[in-house]
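Have a look at the structure below before the remarks.
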Amino acid sequence: MARPPVPAAQAPTRDGPRINDEIRVPQVRLIDQHGEMQGVMTAREALIRAYDVGLDLVEISPNAVPPVCKILDYGKYKYEQQKKANEARKKQKVVEIKEIKVRPNIDDHDYDVKMRQMKTFISEGDKVKVTLRFRGREMAHQDLGAKVLERIRNELTETTKVEQFPRMENRQMIMVLAPK
């Protein structure tokens with residue numbers, strides 16, 4: 001009994017643009033090493049021009065018709081792309097959720113301290129999760145807790161939007177505020 005043929009191992013696919021002999025299209029639009037448009041020509045002719053100046057032919061825009069290729073140093077191009085990606089990553093802000101815990105019968109001074117903390121978190125671009133915990137017989141007066149959360153929401157209405165309206169989870173009421 002004959003065995004089925006074993007499939008040939010595929011070459012790993014590279015990420016990034018195709019370069020030099022990997023460009024297998026009949027015609028390309030060429031931009032030379034000085035950034036000047038050279039026009040449409042065969043891929044072979046463009047590759048010869050790249051080799052003549054000792055650089056690589058890199059496919060910049062593969063979806064264009066015909067694809068746009070540029071003569072440049074591929075190692076330097078890859079380095080520049082990596083540098084741009086690192087810069088973008090540095091500038092990215094990771095939004096954290098900061099939690100503030102309050103009680104239904106919170107004192108005015110304690111409330112002011114918590115509000116200042118919330119305003120700081122919001123100004124830094126973080127979300128704030130306000131947790132209002134009920135103990136013992138406070139569960140019978142959930143309306144007091146709802147009033148405290150409503151007061152917080154009204155004070156922060158210019159700088160925040162409510163991402164999650166107050167809702168009960170076991171013995172606590174939770175509300176999430178996000179910066180506008």
Do the side chains of Glu150 and Lys147 get close enough for a salt bridge, i.e. N-O under 4.0 angstrom? no
Could you walk me through whether Glu124 and Lys98 pass the salt bridge (charged side-chain N to carboxylate O under 4.0 Å, His left out) test, one step at a time? CA-CA 11 Å; Glu124 290 172 358; Lys98 305 284 188 171; 5.5 Å; no
Nearest heavy-atom pair of Phe134 and Gln172: which atoms, and what distance? CD1-CA, 4.3 Å
Report whether Ile106 and Met115 are members of the same hydrophobic cluster (ILVMFWY, side-chain heavy atoms less than 4.5 Å apart, transitive linking). yes
According to a 4.5 Å side-chain heavy-atom criterion applied to Ile, Leu, Val, Met, Phe, Trp and Tyr, with indirect links allowed, do Val176 and Val148 form part of one hydrophobic cluster? no
How long is the gap from NZ on Lys180 to OG1 on Thr157, to the nearest 0.5 Å? 5.5 Å
Examine the side chains of Thr131 and Glu99 and answer whether a donor and an acceptor come within less than 3.5 Å of each other. yes
Establish whether Ile48 and Met41 are linked, either directly or via other cluster members, by ILVMFWY side-chain heavy-atom contacts under 4.5 Å. no
So, taking the atom named CG in Leu156 and the one named CE in Met118, what distance separates them when rounded to the nearest 0.5 Å? 6.0 Å
Heavy-atom closest contact (Asp21 atom, Arg24 atom, distance): O-NH1, 3.4 Å
Does Tyr51, at its OH atom, have more than 12 non-hydrogen atoms belonging to other residues, nucleotides or ligands within less than 6.0 Å? yes
Would you say Phe165 and Leu149 are hydrophobically clustered, going by side-chain heavy atoms of ILVMFWY under 4.5 Å? yes
Do Lys129 and Phe121 have side-chain heavy atoms sitting under 4.5 Å apart? no
Looking at every heavy atom in both Arg49 and Leu30, which two are closest together, and how far apart are they? CD-CD2, 4.0 Å
Taking the side chain as every heavy atom from C-beta outward, state whether Leu132 and Pro104 have any pair of such atoms under 4.5 Å apart. yes
Please indicate whether Arg171 has more than 12 foreign heavy atoms, meaning atoms of other residues, nucleotides or ligands, lying under 6.0 Å from its CZ. yes
Can you name the nearest heavy-atom pair linking Val128 to Ile122, along with the distance? CG2-CD1, 3.7 Å
Does Asn170 CG have over 12 foreign heavy atoms under 6.0 Å away? no
Any donor-acceptor N or O pair under 3.5 Å, side chains Arg89, Asn86: yes
Ion pair check, Lys70 and Glu59, cut-off under 4.0 Å: no
Minimum heavy-atom separation for Arg29 to Pro66, with atom names? NH2-CD, 3.8 Å
Can you confirm whether the side chains of Tyr77 and Gln82 place a donor and an acceptor under 3.5 Å from each other? no
Leu177 side chain near Ile152 side chain, heavy-atom distance below 4.5 Å: yes
Looking only at heavy atoms, what is the nearest atom pair of Val25 and Ala43, with distance? O-CB, 3.2 Å
Is any side-chain heavy atom of Cys69 closer than 4.5 Å to a side-chain heavy atom of Ile23? yes
Under a 4.5 Å cut-off applied to non-hydrogen side-chain atoms, are Leu57 and Ile19 in contact? no
Do NZ/NE/NH1/NH2 and the carboxylate oxygens of Lys161 and Glu163 come within less than 4.0 Å? no
